[in-house]
Protein chains: 2
Amino acid sequence: MTTRRVTLVDVARLAGVDKAIVSRVVNADPSLVIRPDTRERVLEAISNLGYRPNVAARSLRTAKAGTLGLVIPDFANPVYAEIITGAESAALARGHVLVTGSSTGAHSSMDRYLDLLGQGRVDGLMLAGPTTAREQQKLESLGLPWMMVNRRDTGEHHRFVILDDAQAAKLAVEHLLELGHRHIVHVAGPFGADTARRRATGYRQAMKNSTHPVRAEDIARGDYTPRGGAEATAELLRKSPGATAVFVANVAMAVGVLDTLRRAGLRVPEDVSVVAVHDLPLAEHLVPALTTVRMPLQELGARAVDLLLTSSPEDEVAEVVGTAMELVYRESTAPARP
Amino acid sequence: MTTRRVTLVDVARLAGVDKAIVSRVVNADPSLVIRPDTRERVLEAISNLGYRPNVAARSLRTAKAGTLGLVIPDFANPVYAEIITGAESAALARGHVLVTGSSTGAHSSMDRYLDLLGQGRVDGLMLAGPTTAREQQKLESLGLPWMMVNRRDTGEHHRFVILDDAQAAKLAVEHLLELGHRHIVHVAGPFGADTARRRATGYRQAMKNSTHPVRAEDIARGDYTPRGGAEATAELLRKSPGATAVFVANVAMAVGVLDTLRRAGLRVPEDVSVVAVHDLPLAEHLVPALTTVRMPLQELGARAVDLLLTSSPEDEVAEVVGTAMELVYRESTAPARP
DNA sequence: TAGGGTCGGTCAAACGATTGAACGACTCTG
DNA sequence: CAGAGTCGTTCAATCGTTTGACCGACCCTA
């Protein structure tokens with residue numbers, strides 16, 4: 001009564017051919033010459049028996065898992081949700097399955113994942129978010145192709161794909177300049193994040209077109225969280241009074257920025273304009289709806305997958321995904337008052 | 001120069017034993033009797049060579065993949081982020097890897113996933129979100145153990161784990177009643193979602209303690225999105241004027257509810273109190289910060305994994321995760337005005 | 001009609017780990 | 001000192017696919 005799994009041999013027997021034929025038919029082997037009616041018999045047998053190739057056996061033989069790994073810090077962060085979505089889509093398009101794991105969690109850690117995944121379970125690994133040098137070493141020791149996503153590391157690893165954060169910052173600041181703002185301050189991301197550095201650089205560059213020169217007091221760092229944004233804003237209110245606009249390094253911090261401004265009795269956008277990087281669904285529903293720079297996060301994830309699958313491990317891969325960046329003008333920015 | 005993968009045989013050779021010994025040492029086979037120094041030699045060889053078992057070979061032999069699949073509608077939905085986090089954690093604790101896929105996407109669909117996963121790649125499957133009857137049939141045909149998460153299906157499939165949605169609704173409504181509200185309306189979820197039905201039922205039951213009897217006009221349906229919440233609210237403002245509080249079936253819709261109330265010139269919580277189901281990080285940052293019922297979503301995911309791994313396929317599994325539900329009192333609810 | 005080409009297949013050796021069975025060398029025990 | 005256990009280890013079959021090598025039948029051509 002218990003039905004055994006259907007294998008190649010079963011199909012071969014039913015079709016009256018050798019299992020080699022069946023295998024080649026299944027894999028559409030171009031070197032196969034076969035009579036049309038034989039192929040027909042095979043296909044029929046496959047469908048009648050409901051045959052499905054065993055992945056384990058196939059992986060064993062071919063030494064390919066058909067799987068890619070993506071490690072992110074946290075599923076609850078919508079930025080990574082976008083990256084995952086893009087990566088998954090690209091992986092599926094190439095016939096691969098994507099395994100996504102978080103490196104912060106009750107039983108998970110980067111280490112744990114490297115142990116579980118580094119056994120031929122995946123053909124390649126993508127790391128989004130911060131990584132330690134030790135983890136990178138371990139990664140190298142696994143002999144897997146891997147690359148960093150949205151992080152450009154200072155170490156010796158030369159495979160990564162990032163976004164044009166400086167350009168995003170410029171778009172945001174130029175928007176504010178066009179609205180007539182001059183004294184524009186910056187709520188920057190954490191020191192360790194290279195995305196934050198690039199956005200700060202873009203801010204400085206764009207501010208060259210302002211009459212207001214950027215001073216140290218015009219920039220405060222947050223840790224990419226709402227609370228961090230709130231604290232940085234409080235700091236800026238003290239250090240850099242008179243600013244009419246804020247460029248925030250990400251949407252999460254912008255939430256805290258809006259909170260703090262409101263509590264300080266400042267109206268957005270009447271008194272202060274706010275623009276942030278990343279256009280997440282959330283932005284639209286803040287009060288006021290947040291003006292943002294849309295970043296191609298899905299494309300970032302997709303490019304990472306493509307590069308991982310097409311480049312050879314020794315290749316250096318350093319790509320900046322630059323398309324489809326645009327300013328999304330909502331309610332948190334308005335012309336500067338004369 | 002190119003280093004071959006290290007196998008059992010290599011380790012065995014270096015340690016001067018048979019590969020069977022190595023295998024049993026690696027797997028901590030309790031039936032193995034071995035001299036301590038031999039074990040030591042084996043372990044040393046393993047670490048010297050950096051041996052890692054090949055998952056494909058192991059899966060082939062044992063017919064176990066060590067992997068579970070979880071299919072969700074959308075990574076961007078924070079509700080599923082919580083479920084994933086819980087499921088991942090439980091899976092890792094049991095030595096399994098979790099493969100999470102979304103069923104809505106450029107190249108993904110439930111079907112596509114069933115094809116990719118239903119080949120011995122996973123030992124079991126969890127489905128969160130809506131499922132069609134055809135998909136369920138296909139699932140059955142794969143002969144995989146599977147279960148529904150956060151959905152209780154009307155079909156013949158009798159394996160699922162859900163939350164006590166009625167109880168959550170009661171907590172919310174009782175909170176409003178305690179604040180003195182009587183005319184409480186309900187922005188319900190879509191008809192197809194059983195979670196929505198249970199929450200509506202809980203609402204009706206709790207309202208038995210109100211002096212205001214629930215009429216059809218006191219309930220409007222939305223589709224669990226902000227827009228849906230906005231539309232339902234507009235409908236309620238027309239149909240059921242005079243309400244002093246709204247119970248919203250989920251946080252996403254609550255976003256739209258707050259929007260619409262604001263645009264209608266109603267202040268929250270001074271004029272209308274709002275409480276919603278699910279405590280997501282987002283809730284804290286809405287304006288005003290949203291009072292919610294915290295649901296054990298992570299535990300839901302974790303229980304699903306545990307049940308999938310411990311129950312036998314023919315068992316009926318119908319579990320309601322009920323712990324850790326509580327009301328989170330924030331700024332969107334206040335005492336009813338006399 | 002011998003020799004060489006296609007055609008249309010079949011054969012069998014991997015891939016790397018797991019696991020029941022067998023086995024040789026000891027140590028007891030009666 | 002024969003017979004029976006333990007102890008510690010080896011043997012070998014098996015999981016299901018893939019893939020290069022081989023092979024027989026048939027058709028040409030010289």
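Treat the numbers as computed from the prediction; the structure is a model and nothing was measured. Throughout, a chain's letter reflects where its sequence line sits, starting with A, and its residues are numbered from 1.
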* Interface residues of residues 25-37 of chain A with DNA chain C (non-hydrogen, below 4.0 angstrom) -> A:Val33, A:Ile34, A:Arg35
* Structure fact -> Applying salt bridge (Lys or Arg N to Asp or Glu O under 4.0 Å) to B:Arg52 and not counting sequence neighbours gives A:Asp115
Short heteroatom pairs, N/O only, protein and nucleotides 20-23 of chain D, under 3.5 Å:
{"from": "D:dG20", "atom 1": "O6", "to": "A:Arg24", "atom 2": "NH2", "distance (Å)": "2.4"}

* Estimated bend of the helix from C:dT1-D:dA30 to C:dG30-D:dC1 (axis per five terminal pairs, rounded to 10 degrees) -> 60°
* To do: With heavy atoms under 4.0 Å as the rule, sort A:Ser23 into base, sugar-phosphate or nothing.
  => base
* When you list every nucleotide of DNA chain C with an atom under 4.0 Å from a heavy atom of chain B, which one comes first 5' to 3', and which comes last? -> C:dG16 to C:dA21
* To do: Would you check if the side chain of B:Asn77 reaches a backbone N or O of B:Val79 as a donor-acceptor pair within less than 3.5 Å?
  => yes
* With a 4.0 Å cut-off on heavy atoms, is A:Val17 in touch with a base, just the backbone sugar-phosphate, or nothing at all? -> sugar-phosphate
* So, A:Ser23 side chain and A:Lys19 main chain: donor-acceptor pair closer than 3.5 Å or not? -> no
* Asked: Listed by chain and number, what are the side-chain contact (heavy atoms from CB on, under 4.5 Å) partners of B:Asp18, not counting sequence neighbours?
  -> B:Ala20
* **Atom pair CZ (B:Arg61) and CG (A:Leu60), whose distance is rounded to the nearest 0.5 Å** => 12.5 Å
* Asked: To the nearest angstrom, how far is B:Asp18 atom CG from D:dC11 atom C1'?
  -> 7 Å
* To do: Could you grab the distance from atom NE2 of A:His96 to atom CG of A:Leu309, nearest 0.5 Å is fine?
  => 4.5 Å
Return all side-chain donor-acceptor pairs below 3.5 angstrom for residues 83-93 of chain A, not counting sequence neighbours, or 'none' if the list is empty.
{"from": "A:Thr85", "atom 1": "OG1", "to": "A:Ala81", "atom 2": "O", "distance (Å)": "2.8"}
{"from": "A:Glu88", "atom 1": "OE1", "to": "B:Ser102", "atom 2": "OG", "distance (Å)": "2.6"}
{"from": "A:Glu88", "atom 1": "OE2", "to": "B:Ser102", "atom 2": "N", "distance (Å)": "2.7"}
{"from": "A:Glu88", "atom 1": "OE2", "to": "B:Tyr113", "atom 2": "OH", "distance (Å)": "2.5"}

* Taking the nucleotide of DNA chain C with the closest heavy atom to each, which residue, A:Thr62 or B:Thr62, is nearer the 5' end? -> A:Thr62
* **Residue pairs involving residues 98-114 of chain B (criterion salt bridge (Lys or Arg N to Asp or Glu O under 4.0 Å); sequence neighbours excluded)** => B:Asp111-B:Arg134, B:Asp111-B:Lys138
* **A:Asp74: partners by salt bridge (Lys or Arg N to Asp or Glu O under 4.0 Å), with sequence neighbours left out** => none
* Asked: Residues two or more places apart in sequence or in another chain: which of them pass salt bridge (Lys or Arg N to Asp or Glu O under 4.0 Å) with A:Asp10?
  -> A:Arg4, A:Arg13
Report all side-chain donor-acceptor pairs from residues 37-48 of chain B shorter than 3.5 Å, counting only partners two or more places apart or in another chain.
{"from": "B:Arg41", "atom 1": "NE", "to": "B:Ala15", "atom 2": "O", "distance (Å)": "2.9"}
{"from": "B:Arg41", "atom 1": "NH2", "to": "B:Ala15", "atom 2": "O", "distance (Å)": "3.2"}

* **CD1-CZ distance between A:Ile34 and A:Arg24, expressed to the nearest 0.5 angstrom** => 10.5 Å
* Nucleic acid contacts - residues 38-61 of chain B versus DNA chain D, non-hydrogen atoms under 4.0 Å -> B:Thr38, B:Leu60, B:Arg61
